[in-house]
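What follows is a single structure, written as structure tokens, with notes after it.
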There are 2 protein chains.
Amino acid sequence: MAIRSRSVVTIADVARACGVGTMTVSRVINGKKHVSPEMVQRVEEAIARLNYQPNEAARTLKGRTSRTIGLIVPSLSDPFFSQCAHAVQQVAAEQGYMTMLFACEANRNVEAEELSQMRSRNIAGILIVPSSENSLEQLQELRRNGMPVVMIDRTFAGIDVGEVMVENIEGALRATNHLIDHGHQRILCVGYDREYNSISQRIDGFKKAVQNASLQPQYLLVNRGVAIGPRVIAALRSPKPPTAIFTLNNVTSVAVLTALKREEIRIPQQVAIIGFDDFDLASLLAVPLTAVRQPAAELGRHATRMLIDSLRVGNGTGRMPSRIVLPTELIVRQSCGCEPISRIPHSK
Amino acid sequence: MAIRSRSVVTIADVARACGVGTMTVSRVINGKKHVSPEMVQRVEEAIARLNYQPNEAARTLKGRTSRTIGLIVPSLSDPFFSQCAHAVQQVAAEQGYMTMLFACEANRNVEAEELSQMRSRNIAGILIVPSSENSLEQLQELRRNGMPVVMIDRTFAGIDVGEVMVENIEGALRATNHLIDHGHQRILCVGYDREYNSISQRIDGFKKAVQNASLQPQYLLVNRGVAIGPRVIAALRSPKPPTAIFTLNNVTSVAVLTALKREEIRIPQQVAIIGFDDFDLASLLAVPLTAVRQPAAELGRHATRMLIDSLRVGNGTGRMPSRIVLPTELIVRQSCGCEPISRIPHSK
DNA sequence: TGCCAATGTGATATCGTTCTCAAAATCGCT
DNA sequence: AGCGATTTTGAGAACGATATCACATTGGCA
């Protein structure tokens, strides 16, 4: 025979304990004006004594918006996303917001379902690393209803959301140039097909660098789900094989490295490699990987601040004009053929 | 002049559209009995047409509990935790629960703050990888009020929460034995001091194996915040240096590997190493790391199921009797001195 | 036929908070 | 002293959903 007693202390209890009305207590809690100092003290004492905590559900119901932001990422197994999520959660917490976490596994249905959940839960705003164009319409609908939205890492055209990106073109350009500087003439760009504009931009950067050097760009772009390793090996066994590889993201780098290891192809002697997206263990690899570092945590931080700012000023229906683009950094290690030296910060 | 219109459609709107009372609509939504089939159809149509979604805040306020679980992890940068978090989120979503994510950075104040947030948000239950004993009292208080709690990876005595652990003792024993089988006589156990019982158990397993072989256990246990790399190097330069190292967790392994690399100490020739806790890139390292694999995702899955089960049956005030212990697996690679062979599954 | 049970439906109270508005008290100024 | 302006306070109505209870309507069965 369970007696449910969770969170029994209500604002009314506090009010009664002080012999005042609930409104007075409410005003004290919310730091409003028009309360006498002594009253503030008396109420605060009672709150502490009774261990009172406001019921967020009631507040949300009344105020129409919870102090909660939703974060949708494709997955947490990719350190890029988990670092980003981590930063989001931290900044949000600092600002008094909770983070509702969603990992959609790049599944459009899941993403859609999650967005719909957001609506019913009076989420204050949405941070999303969008996985597919399919949710676009739903996001637009949410925007129309005044929901602030910030896209991280990737964006889609035609929707007025906040955007926090990295300098993909410049980063890819810089990386490719580095390979060219090493004397490579046949460079293979490996990754998933132009799913997102971030990937597109990286491909564009690669192309630009290669063409600037009057070389022929080579591509190996596959669809999600296709094993990329064997394709790379095949390319390396073709008549005029690439002497260097530029991988478009984290998972691609790992896939390629794994394949190269299995086939015992030596880096950088037989093939050099630079990856877009750095990761913690890159320096401990058999051949430490030269990589374009994306400031994952920074991305998350900026996005969260942007979102919360727009929450504060506007009532949500305002536009989301902002766009932040963060620089990348080329971390030179040995997979490109360099002796390990230094970091080359990247600026325009 | 913004007109706020978010989520205007209420249950009353649906009721009006059907010319019925709100209770009828509510009954349809919640699949209760006592509604005629035609009415169900009519209401469901209206719901779809109006794109109605129930307001969770209102439901929570009335029902006293939200369909939301809280997850507290020390950090997301450790892949062990992020994999775990990922699994939690997935299982929860399948069961219709949302996941509120918290990363406490092993900061006791943050953890406390987060727990108190949980209370005010009518969280249905808590999953926690506890960071310190400090929150124990608070957790106990929550338990007393009927909040289901499941601890993951670590537990503390004297509190009746659900527990999902791995076989730490057996895993450490197995790993240490493997080193002993390689002929090592002086094995150093490296890690952070007995902060958690999971670490304690690993140390116990190590000790047991070493003593079974009539060897002297050697320890290098530091407090959090102390750089572990230099200490290891110092130990290796002592008169009778260890010939093998057993690291107690992920971050320790990485710290040690980094130090060994910097000092150009060769693995496994100069020192062999086995780590507790495997990670994705372990096989791509300069010397692929032999490690005890913990089923991080499984841990998260089991914990989530346990929590949600206890949510369903009890009204929360029941006891949380369960304890699940999952097996580990020794992944043999080359850092132990083996040629790369196979996985040795671990069973009692 | 009469009566109890089961079914379908809606009016109303309630959850805990904040908003609106009005009343009371205080102050400043002519 | 008089009067408007300001501060301090509280009563009551929301917010949107569900629980409770009451009221019809049906059906089964003696």
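Residue numbering restarts at 1 for every chain, and letters A, B, ... go by the order of the sequence lines.
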Any [X] side-chain N or O less than 4.0 Å from OP1/OP2 of [N]:
X     : N      : answer
A:N55 : C:dC15 : no
A:T22 : C:dT17 : no
A:T24 : D:dT9  : no
B:S26 : D:dT18 : yes
B:R59 : D:dT18 : yes

Fill in: End axis versus end axis in the helix from C:dT1-D:dA30 to C:dT30-D:dA1, the angle rounded to 10°, five pairs used at each terminus
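For the helix from C:dT1-D:dA30 to C:dT30-D:dA1, the axes at opposite ends meet at about 40°.
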Distance, rounded to the nearest Å, where [X] contributes [atom1] and [N] contributes [atom2]:
X      : N      : atom1 : atom2 : result
B:R119 : C:dG16 : CZ    : P     : 13 Å
A:E56  : C:dT17 : CD    : C1'   : 10 Å
B:H34  : D:dA19 : NE2   : P     : 13 Å
A:R16  : C:dG16 : CZ    : C1'   : 12 Å
B:L61  : D:dA14 : CG    : P     : 17 Å
A:I11  : C:dC15 : CD1   : P     : 15 Å
B:R27  : D:dC21 : CZ    : C1'   : 11 Å
A:N122 : C:dG16 : CG    : P     : 18 Å

Item to complete: Determine, stepwise, if the pair B:N122 / B:S66 fulfils side-chain hydrogen bond (donor to acceptor under 3.5 Å, both in side chains).
Response: CA-CA 6 Å; B:N122 304 79; B:S66 63; over 6 Å; no
Worksheet item: Using 4.0 Å as the upper bound for N to carboxylate O, is an ion pair formed by A:R301 and A:E298?
Response: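 Between A:R301 and A:E298 there is a salt bridge, with a charged N closer than 4.0 Å to a carboxylate O.
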Fill in: Heavy-atom side-chain contact between B:Y97 and B:T304 under 4.5 Å
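No, side chains not in contact.
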Worksheet entry | Short side-chain donor-acceptor distance under 3.5 Å, A:S116 and B:Q53 |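 Yes - a donor-acceptor pair under 3.5 Å links their side chains.
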Discussion item. Pairing donors with acceptors under 3.5 angstrom, does anything connect the side chains of A:R119 and B:N51?
Written reply: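 Present: a donor and an acceptor within the cut-off.
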Worksheet item: What's the verdict on side chain to side chain contact (heavy atoms under 4.5 Å, CB included) for B:M165 and B:L326, showing C-alpha distance, side-chain angles and the deciding distance?
Response: CA-CA 6 Å; B:M165 307 270 297; B:L326 300 176; over 6 Å; no
Worksheet item: Which nucleotide in the list C:dG10, D:dG12, D:dA17 gets nearest to the side chain of A:M23?
Response: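 It is D:dG12.
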Practice prompt. Counting heavy atoms from C-beta on, name the nucleotide in C:dG16, D:dG16, C:dT9 closest to the side chain of B:K62.
Written response: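 Among the listed nucleotides, the one closest to the side chain of B:K62 is D:dG16.
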Worksheet item: Under the side-chain hydrogen bond (donor to acceptor under 3.5 Å, both in side chains) criterion, do A:T68 and B:R121 qualify, and how do the steps go?
Response: CA-CA 10 Å; A:T68 304; B:R121 288 185 183 250; 2.5 Å; yes
